[in-house]
Enquirer: 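Just dropping this structure here.
Both ligands and their constituent atoms are indexed starting at 1 by order of listing. Only this structure's heavy atoms are used, side chains among them; waters, hydrogens and symmetry mates stay out.
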Amino acid sequence: MKSALRILLLEDNNHDAELIQELLEADQFVCEITRAQTRGEFVAGLEDAGLDLILADYKLPSFDGLSALQLALDARADLPFIFVSGSLGEEVAIEAVKIGATDYVVKSRLSRLVPSVQRALRETRERAERKKAEKAFRRSEMYLAEAQRLSHTGSFGWDLASGEIYWSEETYRIFEYEPASAPSLQLVLDRTHPDDRTHLQRILDRALIERTEFTVEHRLLMADGSVKYVRAVAHPSAGEDPGSFVFVGAVMDITERKRAEEERERLRQLEADLAYINRVTMMGELAASLAHEIKQPVTAAAINAQACSQWLRRDPPDPPKASEAAAAMVAALTRTADIIDRVSSLYRRGKPERELVDLNEVVREMSVLLADKATRSAVSIRTDLDPALPASTADRVQLQQVLMNLMLNGVEAMQDKGGELTVASKRTEDGQLLISVSDTGIGFSSDAAARIFDAFFTTKPQGTGMGLSISRRIIAAHGGRLWESSTTGQGATFQFTLPVGATAS
Ligand SMILES: Nc1ncnc2c1ncn2[C@@H]1O[C@H](COP(=O)(O)OP(=O)(O)OP(=O)(O)O)[C@@H](O)[C@H]1O
Ligand SMILES: [Mg+2]
């Protein structure tokens with residue numbers, strides 16, 4: 001042993017003390033010995049933190065070995081304590097070891113001293129290492145338990161041969177069972193929401209047969225009636241005993257995530273509802289225009305029907321003329337059906353559908369729909385469309401909605417004084433489609449400009465304030481951008497881009 005062995009030696013006899021030191025040093029120990037002969041000296045010696053070993057005589061003039069042992073056990077229970085005494089009877093020795101002495105060596109057989117010291121030191125070292133390993137293990141156990149709690153993830157093991165199941169603390173907590181209860185499949189099934197039991201049972205049955213990895217999501221119905229969502233994943237592995245087979249897995253409490261998902265879905269639905277309300281509100285605005293728009297071809301059809309019947313009643317009848325009138329009637333009615341189709345698509349609550357959309361055509365349609373309302377507001381609608389505009393992959397109804405929002409806002413801004421609404425389309429230099437809607441109306445203050453895209457911001461008595469916010473969302477979902485670019489005092493201009501071949505999401 002290389003580093004010096006620090007020994008506290010309780011011994012009144014100088015000769016014996018020297019003998020002990022010689023014995024130890026003869027056997028490659030380098031010793032640093034602190035001698036103590038009294039209680040005071042012994043207590044002081046115990047304070048040396050670097051101490052490795054205590055050797056003590058049993059009988060001293062002013063002190064005794066057993067009291068020393070007691071003091072040592074109280075202060076330094078980790079240190080080996082060996083009695084080295086001439087007068088230690090067998091019974092006393094056994095008693096001393098029982099109390100906590102490491103060993104005893106009688107002076108008449110001092111040859112035992114070195115092996116005894118060696119063994120004591122080895123045992124002490126091993127004990128220290130074991131303690132360290134245990135501490136590290138306990139710490140990692142504690143960290144693991146804490147991590148499981150934080151992540152709401154428990155672990156489990158399931159031995160298929162014995163049917164034995166292990167649950168971690170967190171697994172007990174998730175299932176809300178007392179840690180004293182023995183885990184079982186039945187407990188899991190009992191806790192599982194009745195509607196999910198068959199599903200869970202089926203997955204477990206299959207896992208048992210196929211012995212392959214499984215994932216299952218199900219609900220738990222807790223004792224207080226609340227519902228939890230859990231996801232369990234497990235994979236098969238060979239057990240500790242040869243031929244055995246276990247599933248090792250984790251069970252996560254995903255209730256919070258589920259609730260957040262539900263909340264997101266609820267908001268998405270709310271948004272869709274608002275977008276729908278926005279469309280229906282606008283259509284209300286346009287009811288008069290619509291009536292007018294439909295009335296015109298219907299009137300034309302009626303006139304042609306009349307003409308047709310007159311040609312047939314003639315003597316002789318004129319079938320070519322009659323058939324011409326009938327064809328005109330069909331054309332007029334087809335147009336009516338067409339208009340109704342287009343309009344009713346705005347009332348429908350379908351899922352977004354992508355198709356190739358000609359934006360110029362959408363602009364023209366909307367101009368027609370708005371024409372009547374525009375005329376009543378002394379507004380003229382002008383279009384300036386790029387004939388070479390490529391089609392865009394988009395949701396037609398949603399784009400109709402955007403254009404209608406922007407055009408209606410424009411007409412409403414000119415309601416009192418009249419003016420001109422210009423809708424233009426062109427291709428930008430980087431190949432996108434650009435649509436602009438400009439009016440010569442009241443415009444807005446810079447204060448208002450900062451808020452017009454906010455949901456529910458409106459300056460109109462009947463407005464919902466959703467038009468621009470919904471339009472911006474729709475354009476963004478198509479991969480484009482919608483913004484306002486007015487020059488103060490000159491009405492308002494709104495523009496949006498759409499990528500060619502954009503896909504709505
Ligand atoms: N072309 C415009 N000229 C002047 N102000 C406008 C124009 N477009 C929008 N605004 C202003 O922005 C506000 C918000 O417009 P938005 O379309 O979002 O809602 P709204 O028109 O008030 O209500 P709704 O669209 O439900 O009828 C309007 O109230 C108005 O103050
Ligand atoms: Mg509006």
Side-chain angles (χ1 to χ4, degrees), residues 267 270-290 343 346-347 349 362-363 365-367 369-384 395 397-425 434-478 480-497:
L267 287 177
L270 195 69
E271 233 177 80
D273 288 350
L274 282 172
Y276 179 70
I277 289 168
N278 169 250
R279 283 211 303 263
V280 173
T281 316
M282 281 189 307
M283 295 312 291
E285 288 280 308
L286 296 181
S289 287
L290 271 176
V343 170
L346 284 163
Y347 278 112
R349 314 191 60 143
V362 177
V363 171
E365 267 169 29
M366 290 300 125
S367 308
L369 269 183
L370 268 165
D372 191 62
K373 178 167 170 89
T375 313
R376 278 186 281 121
S377 309
V379 168
S380 60
I381 299 180
R382 201 171 68 82
T383 53
D384 176 12
D395 183 282
V397 173
Q398 289 187 339
L399 292 188
Q400 286 174 333
Q401 184 170 2
V402 171
L403 263 166
M404 204 149 52
N405 266 314
L406 298 181
M407 290 170 75
L408 258 180
N409 278 351
V411 173
E412 280 162 0
M414 301 183 282
Q415 206 130 10
D416 300 330
K417 290 198 295 186
E420 191 174 72
L421 184 74
T422 308
V423 189
S425 71
L434 177 79
I435 307 286
S436 69
V437 179
S438 323
D439 63 66
T440 54
I442 49 174
F444 31 68
S445 66
S446 55
D447 264 7
R451 301 177 55 199
I452 49 172
F453 285 101
D454 291 352
F456 305 116
F457 174 77
T458 181
T459 53
K460 302 171 193 169
Q462 311 293 331
T464 66
M466 288 307 295
L468 286 176
S469 124
I470 286 168
S471 300
R472 183 171 254 184
R473 251 173 220 286
I474 291 175
I475 294 300
H478 281 78
R481 210 161 68 79
L482 165 63
W483 72 101
E484 175 274 316
S485 60
S486 316
T487 346
T488 15
Q490 298 190 357
T493 297
F494 286 86
Q495 294 185 304
F496 66 86
T497 55

Enquirer: With only distance considered, is Gly465 within less than 3.5 Å of ligand 1 through an N or O on each side?
Expert: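 Checking ligand 1 against Gly465, an N or O pair does fall under 3.5 Å apart.
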Enquirer: Backbone or side chain, does any N or O of Ala413 fall under 3.5 Å from an N or O of ligand 1?
Expert: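 In fact, backbone or side chain, Ala413 has no N or O that close.
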Enquirer: Taking Asp395 for the side chain and Gln398 for the main chain, is one N or O donor matched with an acceptor at less than 3.5 Å?
Expert: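 Yes; judged by distance alone, with no hydrogens or angles, the pair exists.
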Enquirer: To which of Phe494, Phe453, Phe444, Phe457 does the heavy atom nearest atom 4 (C) of ligand 1 belong?
Expert: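 Comparing heavy atoms across Phe494, Phe453, Phe444, Phe457, the nearest one to atom 4 (C) of ligand 1 lies in Phe444.
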Enquirer: Any N/O/S atom of Asn405 sitting less than 2.8 Å from the Mg ion (ligand 2), backbone or side chain?
Expert: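 So Asn405 does not bind the Mg ion (ligand 2) by this criterion.
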Enquirer: Would you mind checking which non-hydrogen protein atom is closest to atom 27 (O) of ligand 1, with the distance to 0.1 Å?
Expert: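 Nearest neighbour among protein heavy atoms for atom 27 (O) of ligand 1, to 0.1 Å: Gly463 CA, 3.9 Å.
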Enquirer: Below 3.5 angstrom, do we get any N/O pair linking Asp439 and ligand 1?
Expert: yes
Enquirer: Run the numbers for me: atoms of ligand 1, each under 4.0 Å from some heavy atom of Thr464, listed by number.
Expert: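 Close to Thr464: 23 (O), 24 (P), 26 (O).
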Enquirer: If we count only N and O atoms by modelled type, under 3.5 Å, do the side chains of Glu484 and Ser486 hold a donor and an acceptor together?
Expert: yes
Enquirer: Quick one: which ligand 1 atoms are inside 4.0 Å of a heavy atom on Ala492?
Expert: 1 (N), 2 (C), 3 (N)
Enquirer: Okay, side chain of Ser469, backbone of Gly465: is any donor-acceptor separation there less than 3.5 Å?
Expert: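 It does not hold such a pair.
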Enquirer: Determine, considering heavy atoms only, which of Thr459, Ile442, Val411, Asn409 sits nearest to atom 17 (O) of ligand 1.
Expert: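 It is Asn409 whose heavy atom sits nearest to atom 17 (O) of ligand 1.
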Enquirer: Measure from NZ or CZ of Arg472 to the centre of the six-membered ring of Phe453, then state whether that distance is under 6.0 Å and the direction lies within 45° of the axis.
Expert: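 Output yes; distance and angle both within limits.
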Enquirer: On a heavy-atom basis, I'd like to know which of Val437, Leu274, Ile452, Leu421 is closest to atom 12 (O) of ligand 1.
Expert: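 Looking at heavy atoms only, the winner is Ile452.
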Enquirer: CZ of Arg279 to CD1 of Ile277: how many Å apart, nearest 0.5 Å?
Expert: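 Nearest 0.5 Å value for the CZ-CD1 distance: 11.0 Å.
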Enquirer: Looking at Asp447 and Arg451, does any basic side-chain N land under 4.0 Å from a carboxylate oxygen?
Expert: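 No salt bridge links Asp447 with Arg451.
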Enquirer: Kindly say whether Leu434 contributes a backbone atom to a donor-acceptor pair with the side chain of Thr497 at under 3.5 angstrom?
Expert: no
Enquirer: Atom 22 (O) of ligand 1: which protein heavy atom is closest, and how many Å away?
Expert: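 The closest heavy atom on the protein side is Thr458 OG1, 2.5 Å.
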